[in-house]
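Bear in mind the structure is a predicted one, so any value in this text is a computation, not a measurement. Just so you know, these numbers use all the heavy atoms, side chains as well, and skip hydrogens, waters and symmetry mates. All ligand and atom numbering here is 1-based and tracks the order in the structure.
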Amino acid sequence: MKESIPQKKNLGFLPTPVHRLENLSKYFNGPQIFIKRDDLTGLALGGNKVRKLEFLIGDALFNECNALITGGAAQSNHCRQTAAAASACGLECHLALGGEEPSINEGNLLLDKLFGAVIHWTGEFRKGEKIPEIKEELKRLGKKPYEIPYGGSNPLGALGFVEAVKEIKDQMESMNNNFSHIIFASSSGGTHAGFIVGKDKYNFSVELIGIQIDKGDEEETPFEETLLNLTNYTAEFSGSNKKYKSDDIILMKDYLGEGYGVVNNLDLEAIKITASLEGILLDPVYTGRAMGGLIDLIKKNYFTRDDSVLFWHTGGTPALFSNTEQLNIT
Ligand SMILES: *Cc1c(COP(=O)(O)O)cnc(C)c1O
């Protein structure tokens with residue numbers, strides 16, 4: 001790593017557990033299924049953003065900033081974890097959240113408010129588009145703001161997942177196992193980019209399968225392009241001279257349904273099956289969709305029975321307690 005990378009700030013309880021999903025493996029009679037519990041990273045109901053925030057907030061503290069700004073959807077897990085981390089580090093937190101202020105505070109939004117985050121409602125913009133404006137405003141007020149991009153997905157944040165590869169490789173070796181595949185939700189790209197770079201850095205021969213979550217808008221840069229660029233920036237930032245091409249990335253686009261945050265039948269089946277067979281909660285936006293992808297791939301014989309597939313649970317549980325009518329649980 002470059003010397004310019006600052007000390008990370010410990011925020012989570014790492015390593016997170018990894019264990020076998022015996023009932024689900026039996027039920028599908030396919031590959032052995034394991035799960036990596038980043039829903040248990042520890043900070044304020046957990047989630048994958050903690051790994052990125054350890055590096056990002058380390059940098060904010062190193063630069064003596066006193067206010068964090070980030071953005072996302074109203075039910076953003078990233079914003080909730082950022083708000084909690086800000087509280088833990090004595091920093092102000094500003095969140096640019098898409099939509100209008102709702103009449104009741106549910107799920108992640110309720111938690112954002114408990115952590116004392118200042119919320120800026122940004123209407124149609126749910127990907128942090130207004131962060132620069134808010135940053136200028138905070139500077140005018142004499143604050144020293146630190147900008148965390150949408151999803152915490154820049155090369156510094158992605159380092160959290162470069163290092164997560166070492167964590168899982170060590171765990172796998174001590175379990176005497178050999179994962180053939182890791183499958184996970186891929187949305188702003190930092191998790192995926194970090195995994196790809198970490199896989200090469202730590203010589204881990206595993207197939208990485210990202211399930212795309214958000215189809216985005218027509219005017220936006222296609223996600224695969226954003227992801228490829230972020231992967232190359234992350235490689236460069238972590239001192240590698242490898243150049244990645246689109247063929248190096250597996251991104252499944254078949255599970256987008258009606259788009260981001262709209263629960264479809266496969267998402268719902270995945271949430272219900274994982275809850276009822278394993279007692280494990282998935283979320284309605286990311287991990288439900290990623291598990292739906294895994295189930296579909298098993299049914300399509302993508303894996304052999306000798307494969308050992310790791311489902312990386314990226315968190316998101318608080319969103320289960322919002323928009324509950326979408327979940328259609330009777
Ligand atoms: C943010 C998030 C993801 C996606 O991670 P990216 O690094 O943004 O691709 C997956 N699952 C959950 C629960 C998340 O909050």
Check your understanding: So, E22 and Y27: side-chain donor and acceptor under 3.5 Å apart, yes or no?
Key -> no

Check your understanding: At their closest point, which heavy atom of G216 faces which heavy atom of E220, and how far apart are they?
Key -> CA-OE1, 3.7 Å

Check your understanding: Could a heavy atom of G315 be found less than 4.0 Å from some atom of ligand 1?
Key -> yes

Study note, to complete from the structure: Going by the 4.0 angstrom heavy-atom rule, the piece of K52 near ligand 1 is side chain

Revision key, fill the gap. Nearest heavy-atom contact between S187 and F223 is O-CE1, 3.1 Å

Study note, to complete from the structure: atom 9 (O) of ligand 1 sits nearest the protein heavy atom S187 N, 2.7 Å

Review point. How far is atom 8 (O) of ligand 1 from its nearest protein heavy atom, and which residue and atom name does that atom have?
Key: S188 OG, 2.5 Å

Practice item. Using distance alone, with no hydrogens and no angle criterion, decide if N108 and D112 have a side-chain donor and acceptor under 3.5 Å apart. Key: no

Exercise for review: Between I213 and ligand 1, find which residue part has any heavy-atom pair under 4.0 Å and reply side chain, backbone, both or neither.
Suggested key: neither

Study note, to complete from the structure: re atom 10 (C) of ligand 1, the protein heavy-atom contact at minimum distance is T314 OG1, 3.2 Å

Review point. Any luck finding a side-chain donor-acceptor pair between N105 and K113 under 3.5 Å?
Key: yes

Review point. Would K52 and S153 count as having a side-chain donor-acceptor pair, cut-off 3.5 Å?
Key: yes

Check your understanding: Regarding Q171 and K36, is there a side-chain donor-to-acceptor distance under 3.5 Å anywhere?
Key -> yes

Point to revise | ligand 1 atoms in contact with G190 (distance to a heavy atom under 4.0 Å) | key: 7 (O)

Practice item. Please identify which atoms of ligand 1 are closer than 4.0 Å to at least one heavy atom of T191. Key: 5 (O), 6 (P), 7 (O)

Practice item. Under 4.0 Å from a heavy atom of S186: give me the atoms of ligand 1 that qualify, with their elements. Key: 9 (O)

Check your understanding: Taking all atoms of both residues into account, what is the closest heavy-atom pair of G151 and S188, and its distance?
Key -> CA-OG, 3.5 Å

Check your understanding: Can you tell me the protein heavy atom closest to atom 5 (O) of ligand 1 and the distance?
Key -> N48 ND2, 3.1 Å

Exercise for review: Compute the shortest N/O to N/O distance between Q81 and ligand 1 and return yes if it is under 3.5 Å, no if not.
Suggested key: no

Exercise for review: Using a strict cut-off of 4.0 Å, indicate which atoms of ligand 1 neighbour a heavy atom of G316.
Suggested key: 13 (C)

Check your understanding: Do any N/O atoms on A185 end up under 3.5 angstrom from N/O atoms on ligand 1?
Key -> no

**Study point:** Pair F195 and F184, ring centroids less than 6.0 Å apart
**Key:** yes

Exercise for review: Would you mind telling me if ligand 1 is within reach of the side chain of K49, the backbone, both or neither, using heavy atoms under 4.0 Å?
Suggested key: side chain

